[in-house]
Protein chains: 2
Amino acid sequence: MARPGSEHPTELELEILKILWDESPLPVRDVRARLEAQAARPLAHSSVITTLNIMFNKGFVKRKKDGKSFLFSPKLQKKAVTGGIVGDLLSRVFDGSSSALVMNLIETADLDSEELAALRKLIARKAKEQQQ
Amino acid sequence: MARPGSEHPTELELEILKILWDESPLPVRDVRARLEAQAARPLAHSSVITTLNIMFNKGFVKRKKDGKSFLFSPKLQKKAVTGGIVGDLLSRVFDGSSSALVMNLIETADLDSEELAALRKLIARKAKEQQQ
DNA sequence: ACAAATCATCTAATTATTTAGATGATGTTA
DNA sequence: TAACATCATCTAAATAATTAGATGATTTGT
């Protein structure tokens, strides 16, 4: 009875990817420091490097030897990852309906008038592209 | 060294919640049948009821005794669950920026002109509400 | 040169999540 | 009534995810 893994990054993995999206390449030491400082996750050095190596084996990050340490970088773009998570949410909960999710977000999110205006523009642009 | 659980439903739990959102209350027998038919997850009866009871303990579902079986219903609304997952994604990846995620979705989603028109209306309504 | 710091590797442990068979109780059908 | 079907409970096991200390190697600082 196998427990299936997930195709998406786990919560800790997502935290680490975010750190690397913000700045990379980074050595483990720095990833560990930022996990503690930015994500309130104080982990031992070996906990962090273990997770990073698992992520490397999963194809989420690249690593490059630098002296005796490794520098890690994200291999997946932010959009690809969020697209995957959200796409999954779509197919599971919204029967694949993107617009239902987008509407749900717009209804629940706290958007100010500038953000709404920007969205309006984007939608107008999308609609225009569709007519061509 | 505890391994933290997640505050969100796991992938299987989300599949089960979807089934219950579509129709509830449901007995375990029916949940199991739909997992197999709709989610291509053929699990043993006891696997399903174990997961449902874990979900009950987590506060995700309600259950009511009916004869010798239990009927399960969702306790959380779809919006609350997706809002939680997406809110988490926001805070981890988009620094809390709802509009960035919504824009990301609009750009990547395959929306037809009717859907775009509906979004435009919703945004207009939101903008109007904000002026009051 | 020696001590301390840094680093990866190895090994181990905990917990969550998943999966399921055996068992006993209950209900239904022949 | 007996056999069968259905159901929850109990027990067990596999795997993923997480966490971390011990160890040896390398680098840095005194």
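Below, chain A is the first sequence line, B the second, and so on; all start at residue 1.
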Within the 4.0 Å heavy-atom criterion, would you say A/Ile49 contacts the bases, only the backbone, or no part of the nucleic acid? base
Residues B/Glu11, A/Arg92: salt bridge by 4.0 Å N-O rule: yes
May I ask you to say what A/Arg32 touches in the nucleic acid, namely base, sugar-phosphate or nothing, with a heavy-atom cut-off under 4.0 Å? nothing
A/Leu26 atom CG is separated from C/dC7 atom P, nearest whole Å, by 12 Å
Short side-chain N/O contact from A/Thr10 to OP1 or OP2 of D/dT18, under 4.0 Å: yes
Measure from the side chain of B/Ala44, starting at C-beta and using heavy atoms only, and say which of C/dT6, C/dA20, C/dT19 lies closest. C/dA20
Ignoring backbone atoms, establish whether B/Arg63 has a side-chain N or O less than 4.0 Å from OP1 or OP2 of D/dA8. no
Interatomic distance, B/Asn57 CG vs D/dT9 P [rounded to whole Å]: 11 Å
Please report, rounded to the nearest Å, how far the C1' atom of D/dC7 is from the CG atom of B/Leu43. 17 Å
So, does A/Ser47 get its side chain near the phosphate of D/dT19, meaning an N or O under 4.0 Å from OP1 or OP2? no
Ignoring the backbone of A/His45, work out which of C/dC7, C/dA22, D/dT18 is nearest its side chain. C/dC7
Let's see if you can work this out: which of D/dA17, D/dT9, C/dT9 has an atom nearest to the side-chain heavy atoms of B/Arg3? D/dA17
State, yes or no, whether a side-chain contact exists between B/Pro4 and A/Arg41 at a heavy-atom distance under 4.5 Å. yes
Distance check needed: C/dT19 C1' versus B/Leu35 CG, whole Å only. 13 Å
Roughly how many Å is it from CD in A/Glu15 to P in D/dT19, rounded to a whole number? 11 Å
Without decimals, in angstroms, what is the distance between B/His8 NE2 and D/dA17 P? 16 Å
Between A/Ser69 and B/Pro42, which has a closest nucleotide on DNA chain C that is more 5'? A/Ser69
At under 4.0 Å between heavy atoms, what does A/Thr50 touch on the DNA or RNA strands: base, sugar-phosphate, or nothing? base
Do other residues, nucleotides or ligands put more than 12 heavy atoms under 6.0 Å from B/Gln77 CD? no
For D/dC7, take OP1 and OP2 only and decide whether either is under 4.0 Å from a side-chain N or O of B/Arg29. yes
Any salt bridge between B/Arg34 and B/Glu23, counting N to O under 4.0 Å? yes
Which nucleotide wins on minimum distance to the side chain of B/Leu12, given the candidates C/dT19, D/dT27, D/dT9? C/dT19
If you check the A/Lys65 side chain, which of C/dA8, D/dT18, D/dT9 turns out closest? C/dA8
Nearest-neighbour nucleotide for the B/Lys58 side chain, D/dT19, C/dA20, C/dT17 considered: C/dT17
With sugar-phosphate meaning primed atoms plus P, OP1 and OP2, does B/Pro27 contact a base, only sugar-phosphate, or nothing at under 4.0 Å between heavy atoms? nothing
Gap between atoms CG and P, on B/Asp66 and C/dT26 respectively (whole Å): 16 Å
Non-hydrogen side-chain atoms of B/Val61 and B/Leu17 separated by less than 4.5 Å: yes
To the nearest Å, how far apart are A/Asn53 CG and C/dC7 C1'? 12 Å
Of the candidates C/dT19, D/dT9, D/dT19, the side chain of B/Arg41 sits closest to C/dT19
Are A/Leu71 and A/Ile16 connected in the hydrophobic side-chain network, where two residues link if heavy atoms are under 4.5 Å apart? no
